[in-house]
Amino acid sequence: MLQKVKELDIQVEAFVPQSSEELEQFRIQMLGKKGAISQLFTEFKNVPVEQKREFGASLNILKTKAQEKIAQLKQSLEDKNVTSHNLDLSLPADPVKLGSRHPVALVHNEIVDIFARLGFTVFNGPEIEDDWHVFSALNFPPEHPARDMQDTFFVNQKDEVLLRTHTSSVQVRAMEAQKPPIRTIAPGRVYRNEAISARSHCMFHQIEGLYIDKDVSFADLKQTLLYFAKEFFGKDTKIRMRPSYFPFTEPSAEVDVSCSLCGGKGCNVCKYTGYLEILGAGMVDPNVLKASGIDDKIYTGYAFGLGLERIAMLKYGITDIRVLFENDVRFLEQFKSVF
Ligand code: FA5
């Protein structure tokens, strides 16, 4: 019996078919119901008990070897057929689907590009922050109600490790790491424990701007933001500054741009006011300069922070912020751009 297994093994090893018909015949001959290998399985019951183990093992190895060899030969015969007979070189190739940039990435790249033209360089800070950089150095005293302005996700409340609620934390890091003049923008993700709605998310993106030098004035801030608004939304865009409050800037302002969808005439997106809020800004509070190691007797500066999702919504007429986080390809593939 073992001898029979060896003989079949040599046959399998040596077999080279000339056609797929020949291969199919060989398969039936070996593995078909009445094939030589299958036959040996039926004879298994007649093998003496002491030989059963060795015989069974070698028979199984032979069967697997025959199956693999036949499968391999089948594949290579098919491949040969394609190259020699059926290959149609005029058939169109499978389309290569190109991805597109996410609208938030497009807006990010365009804004970075605009500020780069004014000499701003990108400065990055961590998303997991400490209380100092997000609040204390930014003039939020402990227990001050201003901390409630942004509901915070704490990673570890005892050690005051948290997810940054705004990119203003990077202002502090930029001032700690560099000497004036400082002209940076800090893009990044921020997190707030807020209810998700059509206009608000618990995770979104901001870009912070910071300029520290001698004699920086509110007029510089206004002119920089006007330049940005015209470059980004179009040359006829106007801006409007409304007094506001942030603990880290004094004076502070909310900045609106004339609605690019209705040209300032009034529509349902701008709620018939002709303007839309895009960012918060102001002159860096002297306490923040001091806390970050900058001499507030010599230097002044301005800062601003804008929300990328809200700007993307304005630019592309998106009415619900949630679509920016769903990653639905049908939505995303509409956005193609050079940026
Ligand atoms: C701030 O976060 C300040 N750090 C901005 C600032 C920087 C002021 C420097 C002064 C100087 P505010 O909470 O308003 O401010 O957020 C800024 C922008 O982020 C908003 O104008 C809005 O565009 C966007 N934003 C705020 N909350 C959300 C939210 N939940 N979902 C999406 N975008 C939001």
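One-based numbering, in listed order, for ligands and for the atoms of each. For this chain, numbers begin at 1 and follow the sequence in order.
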Any side-chain heavy-atom pair of F233 and I311 under 4.5 Å: yes
Quick one about S136 and D131 (side-chain donor to acceptor, distance below 3.5 Å, no hydrogens or angles considered), yes or no? yes
Polar side chain donor-acceptor pair, H201 to R322, under 3.5 angstrom: no
Is the shortest distance from a Lys or Arg side-chain nitrogen in E208 or R164 to a carboxylate oxygen in the other one below 4.0 Å? no
Atoms of ligand 1 less than 4.0 Å from I321 heavy atoms? 32 (C)
Closest heavy-atom approach to atom 13 (O) of ligand 1 among R192, M203, M283, M313 is made by R192
Distance-only N or O hit between ligand 1 and E277, under 3.5 Å: yes
Close approach of A281 to ligand 1, heavy atoms, under 4.0 angstrom: yes
Looking at R164, Q206, E194, H201, the heavy atom closest to atom 16 (O) of ligand 1 belongs to Q206
Element-labelled atoms of ligand 1 that are located less than 4.0 Å from some non-hydrogen atom of Q171: 9 (C)
Any salt bridge linking E110 with K315? Criterion: basic side-chain nitrogen under 4.0 Å from a carboxylate oxygen. yes
Between K65 and E13, does at least one N-O distance fall below 4.0 Å, as a salt bridge requires? yes
Could you check whether any heavy atom of I278 sits closer than 4.0 Å to an atom of ligand 1, since that is the contact criterion I want to use? yes
Examine F153 together with Y191 and report whether their ring centres are nearer than 6.0 Å. no
Is any NZ, NE, NH1 or NH2 atom of the basic residue among E43 and K4 found under 4.0 Å from an Asp or Glu carboxylate oxygen of the other? no
Among F246, F204, Y302, whose heavy atom sits nearest atom 34 (C) of ligand 1? F204
If we number the atoms of ligand 1 from 1 as shown, the ones under 4.0 Å from a heavy atom of A303 are 9 (C), 11 (C)
So that I know where these two stand, are F115 and Y227 an aromatic pair - ring centroids less than 6.0 Å apart? no
Contact check: E309 vs ligand 1, nitrogen or oxygen atoms, below 3.5 angstrom: no
Per-atom contacts of ligand 1 with E208, taking only distances under 4.0 Å to non-hydrogen atoms: 7 (C), 9 (C)
Have a look at Y245, F248, Y191 and point out the one with the heavy atom closest to atom 10 (C) of ligand 1. F248
Looking at R199, R310, H205, H166, the heavy atom closest to atom 23 (O) of ligand 1 belongs to R310
What distance separates M283 CE from E250 CD, expressed to the nearest 0.5 Å? 11.0 Å
Under a 4.0 angstrom heavy-atom cut-off, which atoms of ligand 1 come close to G307? 18 (C), 19 (O), 23 (O), 24 (C)
Under-4.0 Å heavy-atom contact with ligand 1, by part of S200 that carries it: both
Are any of the heavy atoms in E254 under 4.0 Å away from ligand 1? no
